[in-house]
Amino acid sequence: MASIKEFNRGAWTAEEDRKLAEVIEINGPRRWKTIAAKAGLNRCGKSCRLRWMNYLRPNIKRGNITEQEEDLILRLHKLLGNRWSLIAGRIPGRTDNEIKNYWNSHLSKKINQVEKQNEGSRSSKRRRVIDHKANEEVKRGESSSNGGEDHSKVKFDDDDFFDFSNESPLTLEWLNKFLDLDNNNNSLCELS
DNA sequence: AACAACCTCAACCGCATCAGA
DNA sequence: GTCTGATGCGGTTGAGGTTGT
């Protein structure tokens, strides 16, 4: 019977962090299996990578998410869905894990609350209009068999969520860059 | 003070994708 | 083209902390 190596699991110690950081400084953040071995850590490479990415990496911003960041996360999530690494890539100093956790523990609840409130307060007239539009979109989608030019299937109930008219010039510039970048990469095509 | 319920977040797991042989 | 190891990602878990009773 081949012996299967048992790795350390659970919380990292300060000593382990120090060893890992030392080896990465020399070798760079790649070949995690080798790094784990060189550092003399009884950890799997995957675990080392995660520790580095989420905690030890330079320029990681720790502490509370600001209101601006929260707003950005909400919008990006609306745009990208649960693609945490993409979202994190747009928020300097934050990791995908951090954003994912923040979403699951704070924002998903917040959104549920808002949706419940909206359901109660939204006038039935407005709802009828939205439902009608949605039905039309579905009909149109069904009738255009090959999809063709029909990108209208992507629709949002709360259009005001993407109302950027009150944004600062800096945020607008950032948003433009963001959208340009994704258009160039065609990465938004995957979203449909 | 003691306990339960709830919350947060670091870490793990499984799968997909990439890159090199 | 295929195989294999490395890497990246999103979902999930669970330990530890906080709050409520």
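A note on names: the letters A, B, ... follow the listed sequences, proteins ahead of strands, and every chain is numbered from 1.
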Tell me, which pairs form a side-chain hydrogen bond (donor to acceptor under 3.5 Å, both in side chains) where one or both residues lie in residues 22-35 of chain A, sequence neighbours left out? A:R18-A:E22, A:N27-A:K38
Applying a 4.0 Å non-hydrogen cut-off, can you work out what A:N54 is touching in the nucleic acid: base, sugar-phosphate, or nothing? nothing
Find out whether A:I65 and A:R94 are in side-chain contact, i.e. whether some heavy atom of one side chain is under 4.5 Å from a heavy atom of the other. yes
When the distance from CZ of A:R49 to C1' of B:dA10 is rounded to whole Å, what number comes out? 15 Å
note: A:K100, atom NZ; B:dA11, atom P; distance rounded to Å ~ 13 Å
Touch check for A:N101, heavy atoms < 4.0 angstrom, all strands: base, sugar-phosphate only, or nothing? base
Can you find a pair of side-chain heavy atoms, one from A:I87 and one from A:W103, that are under 4.5 Å apart? no
Taking the inter-plane angle between the rings of A:W84 and A:H77 on a 0 to 90° scale, is it parallel (under 30°), tilted (30 to 60°) or perpendicular (over 60°)? parallel
Have a look at A:G10 and say if it touches a base, only the backbone sugar-phosphate, or nothing, with a 4.0 Å heavy-atom cut-off. sugar-phosphate
Heavy atoms of A:C48 and A:L41 approach each other most closely as SG-CD1, 4.2 Å
DNA chain C: first to last nucleotide in contact with chain A (atom under 4.0 angstrom from a heavy atom), 5' to 3', is C:dA6 to C:dT12
Could you measure the distance from the CD1 atom of A:I73 to the CG atom of A:L80? Nearest 0.5 Å is fine. 12.0 Å
Does A:K33 reach a base, just sugar-phosphate, or nothing at all? Heavy atoms under 4.0 Å. sugar-phosphate
Any chance you could list the contact pattern along nucleotides 13-21 of chain B? Use B for base contacts, S for sugar-phosphate-only contacts and - for none, protein heavy atoms under 4.0 Å, 5' to 3'. SBB------
Among all residues two or more places apart in sequence or in another chain, which pass the side-chain hydrogen bond (donor to acceptor under 3.5 Å, both in side chains) test with A:N101? none
Can you tell if the side chain of A:N97 reaches within under 4.5 Å of the side chain of A:K100, non-hydrogen atoms only? yes
Do the charged groups of A:E98 and A:K61 touch, with an N to O distance under 4.0 Å? no
Take atom CD in A:E67; do more than 12 heavy atoms of anything else shown fall under 6.0 Å from it? no
Which residues, if any, of residues 15-30 of chain A bring a heavy atom under 4.0 Å of DNA chain B? none
List in chain and number order the residues that pass side-chain hydrogen bond (donor to acceptor under 3.5 Å, both in side chains) with A:E70, two or more places apart in sequence or in another chain; answer none if no residue qualifies. A:Y102, A:K110
Atom CG of A:D96 and atom C1' of B:dC9: how far apart are they, to the nearest Å? 13 Å
Rounded to whole Å, please give me the gap between CH2 in A:W84 and P in B:dC9. 14 Å
Here the distance between atom P of B:dA10 and atom CG of A:N104, to the nearest Å, is 13 Å
